[in-house]
*Asks:* 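Before we start, here is the structure in question, set down as structure tokens.
Hydrogens, waters and symmetry mates play no part in the numbers below; they use all other heavy atoms, side chains included.
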Amino acid sequence: MYIEKPPNYLNGLSICIVVQTPHCGGRNISPHRGAGDPLLLCNSVFGVHKMKKDAASAPPQARTNARFTSVKTRRGFEEVGDQIRAMLHTGELKAGDRLPSEQDLATGFGVSRPVIREALRTLEMAGILELKLGTKGGAYIRQGNADMLARPLQDLIALGRISIPNLIDARRMIHSVILQSACEHGTAADFAAIEANLDRMEALAKAKEWTQRTDEAVLFFHLIAKATHNEVMVILIDSLLQILRYVVLEKTPAGHRPQLVPLRRKILASLRARNAAQAIEHLNEYLQVVHKATKLK
């Protein structure tokens with residue numbers, strides 16, 4: 001028994017079973033033979049004509065009508081990636097879409113499956129795709145998140161292209177812009193969420209739950225960015241915080257710095273008073289304490 005690619009008329013069967021049995025004269029049987037061929041007997045014996053896909057166990061179908069064109073460049077995986085990126089821009093592909101199978105992609109792009117695999121891995125590393133395993137696995141377009149911006153910057157820091165002093169200066173400038181915007185656009189609900197975050201932070205510090213408290217400390221600046229009601233600001237601050245956690249917080253000596261609590265509350269009070277200059281002043285005090293506590297120069 002071996003597997004042969006099915007003809008189009010088999011209504012979506014993923015394989016065609018081709019058999020060598022005494023009933024068929026011991027010959028290889030092609031599914032393209034006429035009505036009188038012993039294949040009909042073999043089909044009857046093995047029930048091929050009654051085969052149906054099990055909907056519960058079959059992998060999900062690709063949820064996209066995107067049309068791919070043949071790739072003719074030497075580094076084909078790059079052009080495959082570029083075409084998929086272009087389809088995101090045009091709306092042919094969107095978050096949550098499942099791409100066709102590797103074989104279907106290879107056929108659509110006119111390249112080999114290894115080229116497709118390399119393209120998918122590259123897009124996964126860029127944060128565009130999520131590759132899932134199992135019966136419902138496949139390549140899915142991811143929702144956008146801060147990883148897409150943070151990861152390349154982390155690589156540049158690791159390569160020495162971005163210095164730590166430049167990173168700290170960028171943090172100060174970005175935070176200042178966000179504070180000014182939050183003063184202008186923040187609502188009472190935004191400020192209440194920030195205050196609840198500060199209350200949780202203090203409770204966790206008293207309970208000495210340092211890991212959770214660190215998460216709340218990072219969330220503090222995320223909530224300020226949300227108060228700008230500008231998604232670009234939120235993405236920027238989330239990416240920056242992720243980088244800082246990777247570069248700065250990993251090198252920060254363990255321990256609680258209680259002097260930061262009143263500074264955070266002063267920042268919040270300035271936001272509520274719509275006093276951006278004062279909020280930025282308290283922010284600079286806050287950053288000075290944080291940076292002095294790190295081992296970074």
*Asks:* Is it true that atom CG of Leu133 has more than 12 heavy atoms of other residues, nucleotides or ligands lying nearer than 6.0 Å?
*Replies:*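 Atom CG in Leu133 is not packed in, count stays at 12 or less.
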*Asks:* Evaluate the side-chain proximity of Gln212 to Glu216: yes if any heavy-atom separation is below 4.5 Å, no if none is.
*Replies:*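 Not touching, per the 4.5 Å side-chain cut-off.
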*Asks:* Any heavy-atom pair between the side chains of Leu93 and Leu99 that's under 4.5 Å?
*Replies:*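 Counting from C-beta outward, Leu99 and Leu93 do come under 4.5 Å.
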*Asks:* I'd like to check the salt bridge (charged side-chain N to carboxylate O under 4.0 Å, His left out) partners of Glu78; sequence neighbours left out, ordered by chain and number.
*Replies:*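 Listed in chain order: Arg75.
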*Asks:* Are Arg265 and Asp199 within salt-bridge range, i.e. N to O under 4.0 Å?
*Replies:*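 Salt bridge flag = yes for Asp199 with Arg265.
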*Asks:* Drop me the distance from Leu179's CG to Ser176's OG, to the nearest 0.5 angstrom.
*Replies:*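 The distance works out to 6.5 Å.
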*Asks:* Let's go through Arg264 and Met201 carefully: what are the C-alpha distance in whole Å and the side-chain angles of both, what is the deciding distance for side-chain contact (heavy atoms from CB on, under 4.5 Å) to 0.1 Å, and is it a yes or a no?
*Replies:* CA-CA 11 Å; Arg264 291 191 188 96; Met201 211 182 302; 3.4 Å; yes
*Asks:* Would you say the side-chain atoms of Asp190 and Thr187 include a donor-acceptor pair closer than 3.5 Å?
*Replies:*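 Side-chain D/A pair, Asp190 to Thr187: present.
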*Asks:* What distance do Ile84 atom CD1 and Leu129 atom CG have between them, rounded to the nearest 0.5 Å?
*Replies:*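 With rounding to 0.5 Å, CD1 (Ile84) is 6.0 Å from CG (Leu129).
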*Asks:* Any side-chain heavy atom of Leu241 within less than 4.5 Å of one from Ile237?
*Replies:*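 Yes - at least one pair of side-chain heavy atoms lies under 4.5 Å apart.
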*Asks:* Any carboxylate oxygen within less than 4.0 angstrom of a Lys/Arg side-chain nitrogen, looking at Glu130 and Arg142?
*Replies:*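 No.
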*Asks:* Check step by step if side-chain contact (heavy atoms from CB on, under 4.5 Å) holds for Val80 and Gln83.
*Replies:* CA-CA 5 Å; Val80 170; Gln83 283 197 41; 6.0 Å; no
*Asks:* I'd like to check the salt bridge (charged side-chain N to carboxylate O under 4.0 Å, His left out) partners of Glu184; sequence neighbours left out, ordered by chain and number.
*Replies:*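 Partners of Glu184 under the salt bridge (charged side-chain N to carboxylate O under 4.0 Å, His left out) test: none.
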*Asks:* Answer yes if Val290 and Ile178 sit in the same cluster of Ile, Leu, Val, Met, Phe, Trp and Tyr residues linked by side chain heavy atoms under 4.5 Å apart, and no otherwise.
*Replies:*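 As far as the 4.5 Å side-chain criterion goes, Ile178 and Val290 are connected within one cluster.
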*Asks:* For Thr107 and Gln103: C-alpha separation, side-chain torsions, deciding distance, then whether side-chain contact (heavy atoms from CB on, under 4.5 Å) applies.
*Replies:* CA-CA 6 Å; Thr107 300; Gln103 184 58 58; 3.5 Å; yes
*Asks:* Within a strict 4.5 Å, meaning less than it, do heavy atoms of the Glu195 and Arg272 side chains meet?
*Replies:*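 Sidechains of Arg272 and Glu195: in contact.
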*Asks:* Rounded to the nearest 0.5 Å, how far does CG of Leu283 lie from CZ of Arg171?
*Replies:*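 With rounding to 0.5 Å, CZ (Arg171) is 8.0 Å from CG (Leu283).
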*Asks:* Using salt bridge (charged side-chain N to carboxylate O under 4.0 Å, His left out), reason through Glu124 and Arg121 one step at a time and then give a plain yes or no.
*Replies:* CA-CA 5 Å; Glu124 181 187 32; Arg121 280 196 295 266; over 6 Å; no
*Asks:* The test is side-chain contact (heavy atoms from CB on, under 4.5 Å); show your working for Leu268 and Leu198 and say whether it passes.
*Replies:* CA-CA 10 Å; Leu268 175 58; Leu198 293 173; 4.0 Å; yes
*Asks:* Using the ring-ring contact (aromatic ring centres under 6.0 Å, His included) rule, collect all pairs that involve residues 258-290, keeping only residues at least two apart or in two chains.
*Replies:*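 Residue pairs with at least one partner in residues 258-290: Phe221-Tyr286.
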*Asks:* So, taking the atom named CD1 in Ile267 and the one named CD1 in Ile194, what distance separates them when rounded to the nearest 0.5 Å?
*Replies:*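 CD1 of Ile194 is found 9.5 Å from CD1 of Ile267.
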*Asks:* Taking Met233 as the fixed residue, which of Asp238, Thr228, Ile224 is the one that meets the side chain to side chain contact (heavy atoms under 4.5 Å, CB included) rule?
*Replies:*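 Result: among Asp238, Thr228, Ile224, Thr228 is the only option passing the side chain to side chain contact (heavy atoms under 4.5 Å, CB included) with Met233.
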*Asks:* Rounded to the nearest 0.5 Å, how far does CD1 of Ile280 lie from CD of Gln180?
*Replies:*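 So the gap between those two atoms works out to 5.5 Å.
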*Asks:* Looking at CZ of Arg172 and CG of Asn284, how far apart are the two atoms once the value is rounded to the nearest 0.5 Å?
*Replies:*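 Those atoms lie 5.5 Å apart.
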*Asks:* Grouping I, L, V, M, F, W and Y whenever their side-chain heavy atoms are under 4.5 Å apart, do Met125 and Leu88 come out in a common cluster?
*Replies:*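 No, no single cluster joins them.
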